Amino acid sequence: MKPDEKVSKIIEKLKGVYPEPKLALHYSNPFQLLVAVILSAQCTDERVNQVTRELFRKVKNPQDLINIPLEELEELIKPTGYYRQKAKNLKACCERLAEEYGNAIPKSIEHLTKLPGVGRKTAAMVLGNAFGVNEGIAVDTHVKRLSQRLGLSTSKTPEKIEKELMQMVPQDLWTWLSNAMILHGRHICRARNPRCSQCPLTDYCDYFLNK
DNA sequence: CTCCCGATAT
DNA sequence: ATATCAGGAG
């Protein structure tokens with residue numbers, strides 16, 4: 001099967017299962033989404049939600065977060081791991097949002113990735129889900145694993161995988177694809193014990209076909 | 001490439 | 001008990 005034919009089939013199948021995939025993260029505005037995604041680095045979304053449930057009662061905008069003492073912030077986010085780094089990044093990030101963006105969230109990957117603690121994955125995810133802007137594809141561990149198992153990419157770095165996916169997939173589907181692949185990776189194409197028997201993509205999956 | 005960290009699956 | 005999960009910065 002030709003590569004673009006394969007991509008079309010995969011998209012078609014995923015659309016059947018995940019017509020409107022949304023993030024598992026809880027948030028009520030773009031700022032909270034940014035905070036939640038920063039906290040989600042190397043951490044499950046469920047755990048982030050446990051933490052933000054408390055955190056977002058106190059923090060609704062960058063200024064709120066700046067006003068929380070560093071030690072208190074560290075304690076609040078501790079269960080998400082890397083809590084010292086994340087607390088420091090979050091503080092610095094909010095100071096920049098306050099100083100340079102009038103407490104708003106910038107709407108481009110360019111600007112977002114310059115914020116402390118924000119890489120391509122976080123930027124693409126915030127942009128796509130808070131503003132509906134398809135400027136990149138959030139390649140997290142799930143998107144990476146699915147891309148490799150399906151044989152959509154042979155690259156190892158998220159940056160290269162993102163570029164390859166961006167070539168293959170229509171731009172208006174970038175955010176949708178990322179969200180769908182993340183859901184599929186969590187529930188079906190899991191890192192350990194993937195549920196191939198429940199997967200609609202096995203006909204197009206190198207991993208399944210070669211095992 | 002290494003460091004940053006807690007929680008859960010095995 | 002220990003391997004595995006899960007991104008960004010220096």
Side-chain angles (χ1 to χ4, degrees), chain A residues 21-27 31-55 62 65 70-97 100 105-106 108-130 135-149 153 155-166 174-175 177-196 198 207:
Chain A
K22 33 179 223 100
L23 298 184
L25 294 172
H26 298 162
Y27 60 96
F31 165 71
Q32 290 188 340
L33 174 59
L34 176 61
V35 172
V37 180
I38 289 175
L39 290 175
S40 78
Q42 303 286 96
C43 174
T44 63
D45 287 358
E46 296 86 294
R47 188 145 303 282
V48 173
N49 288 336
Q50 274 175 230
V51 161
T52 53
R53 195 184 159 84
E54 277 297 305
L55 182 65
L65 195 144
L70 183 62
E71 297 71 29
E72 189 184 335
L73 182 59
E74 288 181 348
E75 287 309 311
L76 278 166
I77 68 172
K78 187 167 260 179
T80 67
Y82 304 140
Y83 62 94
R84 286 194 202 85
Q85 300 279 358
K86 287 176 181 173
K88 194 152 60 92
N89 285 150
L90 243 18
K91 280 263 185 185
C93 181
C94 287
E95 313 230 339
R96 297 268 297 274
L97 290 173
E100 296 174 29
I105 307 302
S108 74
I109 296 221
E110 272 291 304
H111 286 91
L112 278 166
T113 50
K114 285 178 181 154
L115 298 169
V118 181
R120 288 237 15 134
K121 176 252 175 181
T122 300
M125 195 161 273
V126 168
L127 213 44
N129 290 284
E135 214 181 296
I137 297 177
V139 178
D140 72 341
T141 187
H142 301 293
V143 176
K144 179 181 175 195
R145 184 175 63 254
L146 288 237
S147 300
Q148 290 173 158
R149 283 184 178 166
S153 173
S155 303
K156 292 171 184 61
T157 70
E159 294 74 31
K160 285 187 182 173
I161 294 172
E162 185 187 5
K163 272 190 182 162
E164 292 179 25
L165 290 175
M166 285 166 72
W174 288 357
T175 300
L177 178 74
S178 177
N179 287 351
M181 286 178 105
I182 289 169
L183 286 183
H184 197 65
R186 246 188 229 126
H187 301 118
I188 307 291
C189 195
R190 307 181 299 180
R192 27 193 183 200
N193 306 321
R195 297 169 165 159
C196 299
Q198 300 175 40
Y207 173 84

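None of the values given here were measured: they were computed from a predicted structure. Below, chain A is the first sequence line, B the second, and so on; all start at residue 1.
The stretch residues 78-86 of chain A touches DNA chain B through A:Lys78, A:Pro79, A:Gly81, A:Tyr82, A:Tyr83, A:Arg84, A:Gln85, each having a heavy atom under 4.0 angstrom from the strand. Residues of residues 109-116 of chain A that place a heavy atom closer than 4.0 Å to DNA chain C, in numerical order, are A:Leu115, A:Pro116.
Remark: A:Arg192 engages no residue in a side-chain contact (heavy atoms from CB on, under 4.5 Å) (not counting sequence neighbours). When the ring-ring contact (aromatic ring centres under 6.0 Å, His included) test is applied to A:His184, the partners found at least two apart in sequence or on another chain are A:Tyr18. For the side-chain contact (heavy atoms from CB on, under 4.5 Å) test, residues two or more places apart in sequence or in another chain that qualify with A:Ala92 are A:Pro116. For A:Glu71, the side-chain contact (heavy atoms from CB on, under 4.5 Å) partners two or more places apart in sequence, or in a different chain, are A:Pro69. Under the side-chain contact (heavy atoms from CB on, under 4.5 Å) criterion, A:Gln42 pairs with A:Tyr82, not counting sequence neighbours. With sequence neighbours left out, A:His26 forms a ring-ring contact (aromatic ring centres under 6.0 Å, His included) with no residue at all.
The salt bridge (Lys or Arg N to Asp or Glu O under 4.0 Å) pairs that include a residue from residues 41-51 of chain A are A:Asp45-A:Arg186, where partners are two or more places apart or lie in different chains. Applying the side-chain hydrogen bond (donor to acceptor under 3.5 Å, both in side chains) test to pairs two or more places apart or on separate chains, those with a residue in residues 109-130 of chain A are A:Ser40-A:Lys121, A:Ser108-A:His111, A:Arg120-A:Glu162, A:Asn129-A:Asn179. Applying the salt bridge (Lys or Arg N to Asp or Glu O under 4.0 Å) test to pairs two or more places apart or on separate chains, those with a residue in residues 79-96 of chain A are A:Arg96-A:Glu100.
The same atom, P, is picked in B:dT10 and in C:dA6; the two are 13 Å apart, to the nearest Å. The gap from the P atom of B:dA7 to that of C:dA9 amounts to 23 Å, rounded to the nearest Å.
Closest to the side chain of A:Ala191, from the set C:dC5, C:dG7, C:dA6, is C:dC5. Closest to the side chain of A:Arg192, from the set C:dG8, C:dA6, C:dC5, is C:dC5.
Using a 4.0 Å cutoff to heavy atoms of chain A, the contacted part of DNA chain B runs 5' to 3' from B:dC4 to B:dT10.
When all heavy atoms are compared, the tightest approach of A:Ser147 to A:Met181 is OG-CE, 3.7 Å.
Between the NZ atom of A:Lys88 and the P atom of C:dG8 there is a distance of 16 Å, given to the nearest Å.
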